Amino acid sequence: MKLEASVTTIKGIGSKTEKLLNRIGVYTIKDILLYFPRDYICYPDPVSPAMVAGEGIYAVSGTVIGTPALKKTGRMELVEAKLGDSGGYIESVWFRMPYIKSQLKKGETYVFYGKVKSKGRRFGMEQPQIYTREQYRAKMETLQPVYARTEGLSNNIISKAIRQAFCDLPLTYEFLPETIRKKHGICEYNYAVRQIHFPDSKEALITARKRLVFDEFFLFILNIRLQKEKRAQIANDFPIQTETVIPYLLSHLPYSLTRAQKKCLDEVVSDLKRGVAMQRLVQGDVGSGKTIVAFLCMALMGENGYQSALMAPTEVLARQHYETFLKMCKEYGLNRKVVLLTGSLTAKEKRRAYEAMQIYPDAMVVGTQALIQERAVYDGLGLVITDEQHRFGVRQREAFAGKGSHPHILVMSATPIPRTLAIILYGDMDISVMDEVPEKRLPNKNCVVGVSYRKSAYEFIRKEIANGHQAYVICPLVEESEAIEAENVTDYTKKLVDYYGNDIRIACLNGKMKPAEKNRIMEAFSKCEIDLLVSTTVVEVGVNVPNATVMMIENAERFGLAQLHQLRGRVGRGHAQSYCIMVDNAQSKSSQKRLDILNRSNDGFFIAGEDLKLRGPGDFFGIRQSGDLAFSLADIYQDADVMKQAADEVGELLERDPELLEEENRILAAMIEENREKQMNL
């Protein structure tokens with residue numbers, strides 16, 4: 001069996017399962033081995049039924065009381081059983097699993113593992129896993145992988161397929177020199193891949209993960225630096241001859257730019273006037289005013305007869321930028337064509353956009369990834385801007401740049417990355433930082449609360465909506481998970497609909513929805529047609545809704561601090577006072593310490609720095625920064641030390657062998673070429 005072989009060569013995988021695996025991006029043996037778990041089940045100590053104090057995931061130990069009953073409800077069969085001891089009992093039910101009745105013996109002792117739910121005045125378990133005490137003790141010594149799935153594809157199917165692949169395929173793959181592994185205490189690749197899926201212990205998992213994280217950073221940084229050498233001295237084909245429009249616009253704006261905005265604008269304009277094409281990243285904290293800087297730069301390019309284009313991560317945000325630019329051009333008397341190009345436009349609207357891009361050589365073009373499609377042809381594209389870099393890969397950026405003759409590239413990001421890390425991650429770019437927020441914006445009022453505060457929070461949201469405002473509720477999961485104890489948008493939306501009734505217009509949003517549906521909901525929310533939006537982190541860079549004044553984040557302890565800061569940046573964008581309520585479900589000392597940083601500060605760069613200080617080697621359970629660059633495992637905050645190690649090794653390697661021609665680097669050179677598409681898409 002070869003790594004490139006189809007997953008159907010794995011015993012037990014037929015055409016139906018193959019199609020399901022294809023839906024999660026798994027086509028080959030290599031794909032499934034590199035489909036890493038998103039979480040792990042850490043089996044808790046068993047408790048007696050009397051010790052069940054609330055809803056959550058429990059291991060309940062006791063004796064089966066009475067004979068389990070098999071009942072029929074319509075066409076569905078269910079089994080009911082009571083597990084108890086002298087202190088009480090807990091009821092359990094299994095749907096469509098009639099064989100459970102014969103599996104459970106009256107008077108025998110078992111451990112039921114699963115989710116406990118409230119059943120009126122009692123607690124009950126649905127579909128719990130059944131173990132003998134000996135079996136459960138063995139489970140407690142292991143960590144069970146939890147994989148991201150699609151409908152119809154169980155965690156068990158993925159896990160079994162990976163185990164079978166390991167049985168059938170002896171791995172021999174290794175590319176890191178032994179000297180590097182010894183220097184940084186990095187384990188061998190085969191060991192890492194096996195242990196990341198089926199760790200022998202938490203320590204083994206940490207060791208395995210460090211190796212794979214190092215690999216991701218090492219290959220990514222190496223690819224970036226090799227590309228930088230190729231782009232270093234590209235001539236500027238778009239010289240700036242006149243620059244009167246920026247002073248004119250600055251004198252007419254109803255506000256003054258902040259010191260940070262002015263400094264950033266000066267750096268960009270200086271780049272545009274240099275003899276080489278610009279490659280610059282603008283890091284601006286949430287609400288720091290990056291959009292006006294982008295508009296001013298695009299206006300400058302138009303004044304000199306060149307086109308410019310801005311690519312946004314969502315259609316709603318692209319349309320908002322378009323409407324803002326259109327309004328400003330009209331208000332300030334700029335005779336400039338503003339063009340919108342997104343995937344949802346009708347064929348007629350797209351045709352008009354394409355025609356405008358050919359007719360107006362100084363046009364400002366705003367859109368989504370439709371801007372880099374084959375039919376999008378520009379006439380003298382001198383500046384390309386991508387909004388929110390971590391949503392676009394290097395490949396998209398270069399495809400965008402390829403639409404012109406080496407245009408200037410400006411990347412804008414609201415992700416607060418400490419400068420030392422940004423220099424490593426964006427090694428091919430110069431960096432500007434916008435670390436101030438305009439004075440007119442009121443800082444968010446933050447609070448970290450426990451679950452007992454929920455009802456008070458709901459009533460506060462009701463009050464804000466009654467005053468004409470809107471609110472978000474953020475949950476970490478799309479739907480209920482048997483393995484992860486956290487709130488999900490599907491059930492939470494139903495809960496809030498039951499709570500508020502018809503008084504409040506509520507909608508649900510998550511990343512699994514089709515793009516058209518997501519756009520429809522976000523558009524409705526931005527138009528104030530929805531009062532309360534229950535969402536996953538998909539809203540992180542989605543839409544600007546100045547009327548939204550409250551964000552409530554459930555399971556705040558499961559998010560990284562930088563991502564929480566990004567999320568709460570969705571409110572506080574208007575003139576009204578805004579609030580962020582972070583619900584700490586864990587309420588442990590460590591989670592309280594972390595979340596208190598957000599409670600005390602609205603400075604994204606300070607928060608990111610503090611986040612770095614607090615992370616430990618085992619902190620990757622549940623707090624990965626899902627909004628950052630799309631690494632499979634690596635997290636730029638918690639893995640900052642590993643990233644620095646990888647960057648140092650890349651530097652030494654390229655200094656010694658800049659073109660990777662030495663024999664010992666041949667495998668590495670081949671890997672870079674083989675994985676270029678994956679690396680470019682990060």
Side-chain angles (χ1 to χ4, degrees), residues 1-13 21 24-42 142-149 153 155-178 180-223 617-618 620-621 624 630-635 638-639 642-643 645-646 649 667-668 670-672 674-675 677-679 681-682:
M1 188 186 294
K2 294 183 178 180
L3 286 170
E4 293 73 25
S6 167
V7 286
T8 55
T9 57
I10 298 174
K11 184 180 178 182
I13 294 185
L21 289 170
I24 60 172
V26 171
Y27 298 89
T28 66
I29 304 293
K30 184 178 181 181
D31 290 338
I32 200 164
L33 291 177
L34 298 182
Y35 192 72
F36 301 135
R38 70 173 186 187
D39 213 327
Y40 298 85
I41 299 174
C42 305
T142 65
L143 292 165
Q144 300 298 311
V146 179
Y147 298 93
R149 307 186 299 277
L153 187 65
N155 198 71
N156 195 41
I157 289 174
I158 300 172
S159 183
K160 277 187 175 180
I162 294 171
R163 284 188 186 277
Q164 188 63 47
F166 280 133
C167 290
D168 298 342
L169 186 74
L171 297 179
T172 57
Y173 186 77
E174 180 57 85
F175 72 90
L176 273 185
E178 189 175 356
I180 292 179
R181 299 207 311 271
K182 284 185 176 180
K183 181 178 177 181
H184 299 290
I186 295 171
C187 69
E188 191 268 335
Y189 183 80
N190 295 277
Y191 175 84
V193 174
R194 290 178 185 273
Q195 290 295 320
I196 201 72
H197 288 289
F198 310 112
D200 294 333
S201 64
K202 187 172 180 178
E203 291 69 29
L205 174 58
I206 291 170
T207 299
R209 186 180 176 280
K210 179 181 178 181
R211 163 62 202 259
L212 297 171
V213 165
F214 185 94
D215 286 359
E216 285 196 290
F217 283 140
F218 186 84
L219 293 172
F220 178 79
I221 294 166
L222 179 57
N223 186 47
F620 52 85
F621 291 96
R624 188 175 182 277
F631 295 112
S632 297
L633 288 172
D635 180 290
Q638 71 188 48
D639 300 315
V642 179
M643 181 166 70
Q645 291 172 0
E649 292 301 334
I667 297 177
L668 186 55
M671 272 198 66
I672 286 289
E674 177 189 342
N675 292 307
E677 184 157 349
K678 178 187 175 185
Q679 292 297 313
N681 282 327
L682 280 174

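Keep in mind the model is a prediction, meaning the values are calculated, not measured.
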Would you call Ile221 and Glu649 a side-chain contact if the rule is heavy atoms closer than 4.5 Å? no
Side chain to side chain donor-acceptor pair (under 3.5 Å) evaluation trace for Gln195 with Asp200: CA-CA 7 Å; Gln195 290 295 320; Asp200 294 333; 3.0 Å; yes
Test item: Asp39 and Tyr147 side chains (from C-beta on) under 4.5 Å apart, heavy atoms: no
Under the criterion side chain to side chain contact (heavy atoms under 4.5 Å, CB included), which of Leu21, Leu34, Leu33 is the partner of Val26? Leu21
From Arg211 atom CZ to Phe218 atom CZ, the distance as rounded to the nearest 0.5 Å: 10.0 Å
Nearest atoms (heavy-atom pairs only) where Ala161 meets Ile10: O-CG2, 3.7 Å
Minimum heavy-atom separation for Pro199 to Leu205, with atom names? CB-CB, 3.8 Å
Is NZ or CZ of Arg149 both nearer than 6.0 Å to the six-membered ring centre of Tyr35 and within 45° of the ring axis? no
Are side-chain heavy atoms of Glu174 and Leu176 found at a separation under 4.5 Å? yes
Any side-chain to backbone donor/acceptor pair from Tyr191 onto Ala204? Under 3.5 Å, distance only. no
What pair of heavy atoms forms the shortest contact from Ala634 to Phe217, and how long is it? CB-CZ, 3.5 Å
How far apart are the C-alpha atoms of Ile196 and Tyr40, what are their side-chain angles, what is the distance that settles it, and do they pass the side-chain contact (heavy atoms from CB on, under 4.5 Å) test? CA-CA 10 Å; Ile196 201 72; Tyr40 298 85; 3.7 Å; yes
With a 4.5 Å heavy-atom cut-off, do His197 and Arg163 have their side chains touching? no
Less than 4.5 Å apart, side chain to side chain, heavy atoms only: is that true for Val7 and Asp31? no
Heavy atoms, side chains only, cut-off 4.5 Å: are Lys202 and Ile206 in contact? yes
Asp639 versus Leu633, closest heavy-atom pair with distance: OD2-O, 4.2 Å
If you compare all heavy atoms of Cys187 against all heavy atoms of Ala208, which two are closest, and at what distance to 0.1 Å? SG-CA, 4.1 Å
To the nearest 0.5 angstrom, please state how far the CG atom of Asp635 sits from the CE atom of Met643. 9.5 Å
Is the closest side-chain heavy-atom distance between Leu219 and Asn223 below 4.5 Å? no
I'd like to know if the side chain of Ser6 reaches the main chain of Thr8, judged simply by a donor and an acceptor atom lying under 3.5 Å from each other, with no hydrogens or angles considered. yes
What do the steps show when you test Leu212 against Tyr189 for side-chain contact (heavy atoms from CB on, under 4.5 Å), and what is the final call? CA-CA 8 Å; Leu212 297 171; Tyr189 183 80; 3.9 Å; yes
Heavy atoms only: give me the nearest Ile29-Thr9 pair and the separation to one decimal. CD1-OG1, 3.5 Å
Is there a donor-acceptor pair under 3.5 Å between the side chain of Tyr27 and the backbone N or O of Glu4? no
How far does NZ of Lys183 sit from CD of Gln645, to the nearest 0.5 angstrom? 9.0 Å
Donor on one side chain, acceptor on other, Ser159 and Asn156, under 3.5 Å: no
